[in-house]
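What follows is a short report on a single structure.
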2 protein chains.
Amino acid sequence: MTPVFAHGSLRLYLLKLLADRPRNGYEIIQALSERFGGTYSPSAGTVYPRLAKLADEGLVVKTSDGSKNVYEITDAGRAELERRADELDAIEDEVSDSVRRLADEVRTGVNDAMRSLRAELASAARDARTAPTEEPVTTPHETDSRTESRVALYEIETAVAQFRKDLRSDLRTAISAGKVVDRDLVTTARSELARVRELLRPS
Amino acid sequence: MTPVFAHGSLRLYLLKLLADRPRNGYEIIQALSERFGGTYSPSAGTVYPRLAKLADEGLVVKTSDGSKNVYEITDAGRAELERRADELDAIEDEVSDSVRRLADEVRTGVNDAMRSLRAELASAARDARTAPTEEPVTTPHETDSRTESRVALYEIETAVAQFRKDLRSDLRTAISAGKVVDRDLVTTARSELARVRELLRPS
DNA sequence: CTATCACTCGCGATATATCGCGTTATTCTT
DNA sequence: AAGAATAACGCGATATATCGCGAGTGATAG
């Protein structure tokens, strides 16, 4: 996965957050998450090493306050921020773009389908393991066609996930090209999806 | 959210895992996650207090091994397991059901749409904040219709998410009723979704 | 016998820290 | 100046621990 923050960008951004007010590591993670609408949350493994490095360089000071470690910006840190104020604006734009791309990847829901299949298989494996000890509820053939159905279900789900992704991409492109996505289209979407649902009801 | 493990079930299950072999907290989380196809992962806040309690009761012993704390079952622990062996079988079934329910909730993807809207709004808010400092790229009216389009996009996405949920529910019901979901249906699904996508292309 | 009250339990949220992979930037060497 | 070695960086995975809410459970006082 492409990183959200480019080389050295996070460092500067953390410094900016600490210039606002002293914070602990967790608050910084939350601040970043909030700033990007909950779409991007930096991991602890991203934030803590960076804070430690900034402390090494003397741009912040770490104060242990009970179980929390509060980080405060120093004069040297503020100087660094002023020196590279122009970079900060650029970073904010880049990160916004990055986050939008990330949101697209997440929303496509390919992961969902994968997890779904894994759950199906785990469930099937359990059935197979449990069944032999008792009366066989399902004949061999029934088990086969059930597995077949599960795979078909998975493929349909994947198709829907792809559809979702494509549709979203279409509409986003249209919007940024200045075209208007209106209420009529919402209505059409709803009725068409209902129709397809009816059509796919197994007989 | 309904808990996956009922009262006292996790305690017993952890003991069972440690009867297999000594493990640290993280390995236990992984073992549980694997057991349920990656759908359910107990949080650290669930596992660690339980392990500490088991250690208090003398059913396991905690051995510090560098940065890892390995837990090993004691004779008292093994006795407890034997005493309640019958409960264990029931637990495994209950948890399987619980996880299947959980998977359904996650897969519906309502959360996704919400996150999507939040990302849109965060992005829109940023545009509004940034624009005034430079030449206004978009006229007020353009901004309005763009926001309208975004809301429409959100509603369509919600409709698709609902469709996905309904379809899945339909098919699952059909499968458990013994009906076969065959390849034809997969083909139909693919072509119909392509048709809807074409239909929803904004003019 | 039942109400209630303290206790237990599952679990998300809060909080911290390190390791190793892959990528990017920098510095050194030729 | 080009290319190679090195350092720095972002980040997921690994690892641990506590707190507080809400729901379940058991005991005991009335």
Side-chain angles (χ1 to χ4, degrees), chain A residues 1-15 22-34 36 38-57 59 62-71 87 91 94-95 98-99 101-102 105-106 111, chain B residues 1-15 22-34 36 38 40-57 59 62-71 87 91 94-95 98-99 102 105-106 111:
Chain A
M1 212 71 85
T2 323
V4 171
F5 279 91
H7 234 76
S9 296
L10 180 62
R11 192 186 111 108
L12 211 57
Y13 204 94
L14 293 190
L15 216 49
R23 290 175 152 103
N24 61 36
Y26 196 76
E27 282 176 315
I28 283 178
I29 291 173
Q30 285 180 311
L32 271 158
S33 180
E34 199 186 327
F36 298 111
T39 324
Y40 165 74
S41 286
S43 79
T46 297
V47 171
Y48 288 105
R50 217 50 21 222
L51 286 174
K53 202 73 201 300
L54 285 172
D56 273 359
E57 297 172 281
L59 303 182
K62 174 177 168 181
T63 320
S64 187
D65 171 28
S67 75
K68 301 179 192 177
N69 299 335
V70 180
Y71 293 84
E87 281 182 58
I91 286 173
E94 278 163 36
V95 172
S98 224
V99 164
R101 240 184 303 119
L102 207 71
E105 283 167 34
V106 169
N111 315 330
Chain B
M1 211 70 85
T2 322
V4 172
F5 279 92
H7 233 76
S9 296
L10 179 61
R11 194 187 111 109
L12 211 58
Y13 204 94
L14 292 190
L15 216 50
R23 291 176 152 103
N24 61 36
Y26 196 76
E27 282 177 314
I28 283 178
I29 291 173
Q30 285 179 313
L32 271 158
S33 180
E34 198 185 329
F36 298 111
Y40 165 74
S41 286
S43 77
T46 298
V47 171
Y48 288 105
R50 219 53 16 227
L51 286 174
K53 202 73 199 301
L54 285 172
D56 272 0
E57 298 173 280
L59 304 181
K62 173 177 167 181
T63 320
S64 186
D65 172 27
S67 76
K68 299 179 195 179
N69 299 336
V70 181
Y71 293 85
E87 281 182 58
I91 287 174
E94 279 164 35
V95 172
S98 218
V99 165
L102 207 71
E105 284 167 32
V106 170
N111 317 330

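Here the structure is a predicted model, which is why all the values come from computation and not from measurement. Proteins come first, then strands; the chains are lettered A, B, ... in the order of their sequence lines, and each starts at number 1. Side chains included, hydrogens not; waters and symmetry mates left out as well; all remaining heavy atoms used.
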Rounded off to whole Å, could you give me the [atom1]-to-[atom2] distance for the [X] and [N] pair?
| X | N | atom1 | atom2 | value |
| --- | --- | --- | --- | --- |
| A:Ile28 | C:dT14 | CD1 | P | 15 Å |
| B:Phe5 | C:dG12 | CZ | P | 12 Å |
| B:Arg23 | D:dA15 | CZ | P | 13 Å |
| A:Leu14 | D:dC9 | CG | P | 12 Å |
| A:Leu10 | D:dG12 | CG | C1' | 14 Å |
| B:Leu32 | C:dC11 | CG | P | 10 Å |
| B:Glu94 | C:dC9 | CD | P | 17 Å |
| A:Asp65 | C:dA15 | CG | P | 11 Å |

**Message:** Could you tell me if the side chain of A:Leu51 sits less than 4.5 Å from the side chain of A:Ile28, heavy atoms only?
**Reply:**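 Sidechains of A:Leu51 and A:Ile28: in contact.
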**Request:** Answer whether the closest heavy-atom distance between the side chains of B:Ile29 and B:Thr46 falls below 4.5 Å.
**Result:** no
**Item:** Minimum-distance nucleotide (side-chain atoms of A:Arg50 versus C:dC11, C:dC9, D:dG10)
**Value:** D:dG10
**Prompt:** Say you draw a straight line from NZ of B:Lys62 to CG of B:Asp56; how long is it, rounded to the nearest 0.5 Å?
**Reply:**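 Atom-to-atom, B:Lys62:NZ and B:Asp56:CG are 10.0 Å apart.
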**Asked** Can you tell me how far the CG atom of A:Leu14 sits from the CG atom of A:Leu54, to the nearest 0.5 Å?
**Response** 6.5 Å
**Asked** A:Gly25 and A:Val47: which non-hydrogen atoms are nearest, and at how many Å?
**Response** O-CG1, 4.1 Å
**Request:** Provide the closest heavy-atom pair for A:Ser41 versus A:Ser33 in the form atom of the first, atom of the second, distance.
**Result:** OG-OG, 3.0 Å
**Asked** Looking only at atom types and distance, does a side-chain atom of B:Glu27 sit under 3.5 Å from a main-chain N or O of B:Asn24, one as donor and one as acceptor?
**Response** yes
**Message:** B:Tyr13: which residues meet the ring-ring contact (aromatic ring centres under 6.0 Å, His included) condition with it, sequence neighbours left out?
**Reply:**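 Scan of B:Tyr13 (ring-ring contact (aromatic ring centres under 6.0 Å, His included), adjacent residues dropped) gives B:Phe5.
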**Fill in**
Quick tally for nucleotides 16-24 of chain D: nucleotides whose base has a protein heavy atom under 4.0 Å get B, sugar-phosphate-only ones S, the rest -, giving BBB-----S
**Message:** Let me test you: for the helix from C:dC1-D:dG30 to C:dT30-D:dA1, what is the angle between the axes at its two ends (five pairs each), rounded to 10 degrees?
**Reply:**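 Both end axes considered, the difference amounts to 10°.
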**Request:** Report the residue from A:Val4, A:Leu32, A:Leu15 that forms a side-chain contact (heavy atoms from CB on, under 4.5 Å) with A:Leu10.
**Result:**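 By the side-chain contact (heavy atoms from CB on, under 4.5 Å) criterion, A:Leu10 pairs with just one of A:Val4, A:Leu32, A:Leu15: A:Leu32.
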